[in-house]
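Keep in mind that what you see is a predicted model, and the values were worked out from it rather than measured. Atoms within each ligand, like the ligands themselves, are counted from 1 in listed order.
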Amino acid sequence: MTSRPAPFFIAALLILWCAMAAFATSNGAWLTNVSQRERERVNPYRDQPDAVAAGRRIFLDHCAHCHGQDAEGTKKRPSLKSSRVQHEATDGDLHWLLVNGNRSQGMPSWVKLGDPQIWQVICYVKSLH
Ligand code: HEC
């Protein structure tokens with residue numbers, strides 16, 4: 001009889017795990033992984049109109065097929081016009097996400113673009129509010 005509770009225990013764990021996985025979808029949990037130092041990084045391209053235009057091209061080349069041409073999001077990919085991306089997240093937070101990605105949730109790393117391009121695409125994203 002001692003082995004009896006095991007299946008129930010496993011079922012309970014599975015349900016919990018599914019609930020956590022569902023909760024983890026685009027809930028901004030990645031923000032909690034960003035260190036204070038990364039969060040406070042200043043975008044060297046801030047307030048440069050050229051950077052927004054350059055960032056837009058990068059966005060259309062690399063991001064639009066997931067996040068939509070106008071960044072409104074697609075089926076399972078979040079809008080980048082949300083208050084989380086526009087207000088809650090700093091440029092430093094977005095830089096951290098673009099460098100590290102959030103692969104378990106389907107967001108690739110963009111470290112291969114290089115830092116200037118990453119900051120430029122952030123200028124574009126932040127220009128959308
Ligand atoms: C393969 C599809 C895909 C591509 C390409 C992609 N993303 Fe994402 N992105 C995602 C997914 C899925 C998420 C949601 C991750 C999560 O749930 O935390 C995400 C999340 C984000 C977020 C955070 C949104 C939020 O609400 O927390 C930002 C900002 C972002 N992406 C920007 C970009 C930029 C900029 C590019 C291009 C350099 C890009 N993404 C390319 C799939 C993609």
Undergrad: Which ligand 1 atoms does Pro78 reach within 4.0 Å, using its non-hydrogen atoms?
TA: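 What qualifies from ligand 1 is 11 (C), 13 (C), 14 (C), 19 (C), 20 (C), 24 (C).
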Undergrad: Quick check: Lys76 and ligand 1, any N/O pair under 3.5 Å apart?
TA: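 No: no nitrogen or oxygen of Lys76 is under 3.5 Å from one in ligand 1.
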Undergrad: Find all atoms of ligand 1 within a distance of less than 4.0 Å from any non-hydrogen atom belonging to Val85, and give their numbers and elements.
TA: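 With Val85 as reference, the close atoms of ligand 1 come out as 24 (C), 25 (C), 26 (O).
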Undergrad: Hey, which atoms in ligand 1 end up nearer than 4.0 Å to a heavy atom of His65?
TA: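 Close to His65: 5 (C).
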Undergrad: Is His67 close enough to atom 8 (Fe) of ligand 1 to have an N, O or S atom under 2.8 Å?
TA: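 Yes.
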Undergrad: Could you give me the CA-CA distance, side-chain angles and deciding distance for Gln117 and Val121, then say whether side-chain contact (heavy atoms from CB on, under 4.5 Å) is met?
TA: CA-CA 6 Å; Gln117 283 76 7; Val121 81; over 6 Å; no
Undergrad: Considering all heavy atoms of both residues, which atom of Gln86 and which atom of Leu80 are nearest to each other, and what is their separation?
TA: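 So the minimum-distance heavy-atom pair works out to NE2-O, 2.7 Å.
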Undergrad: Please could you name the atoms of ligand 1 that Arg84 approaches to less than 4.0 Å, counting only its heavy atoms?
TA: 25 (C), 26 (O), 27 (O)
Undergrad: At their closest point, which heavy atom of Tyr124 faces which heavy atom of Gln69, and how far apart are they?
TA: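 Looking at all heavy atoms of both residues, the closest pair is OH-O, 4.5 Å.
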Undergrad: Can you name the nearest heavy-atom pair linking His129 to Lys126, along with the distance?
TA: ND1-O, 2.7 Å
Undergrad: Out of all atoms in ligand 1, which are within 4.0 Å of some heavy atom of Leu94? Include the element for each.
TA: 29 (C)
Undergrad: Indicate the atoms forming the closest heavy-atom contact of Asp93 with Glu88, along with that distance.
TA: OD2-O, 4.1 Å
Undergrad: Looking at atom 8 (Fe) of ligand 1, is there an N, O or S atom belonging to Asn102 that lies under 2.8 Å away from it?
TA: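 Not a single backbone or side-chain N, O or S atom of Asn102 is under 2.8 Å from atom 8 (Fe) of ligand 1.
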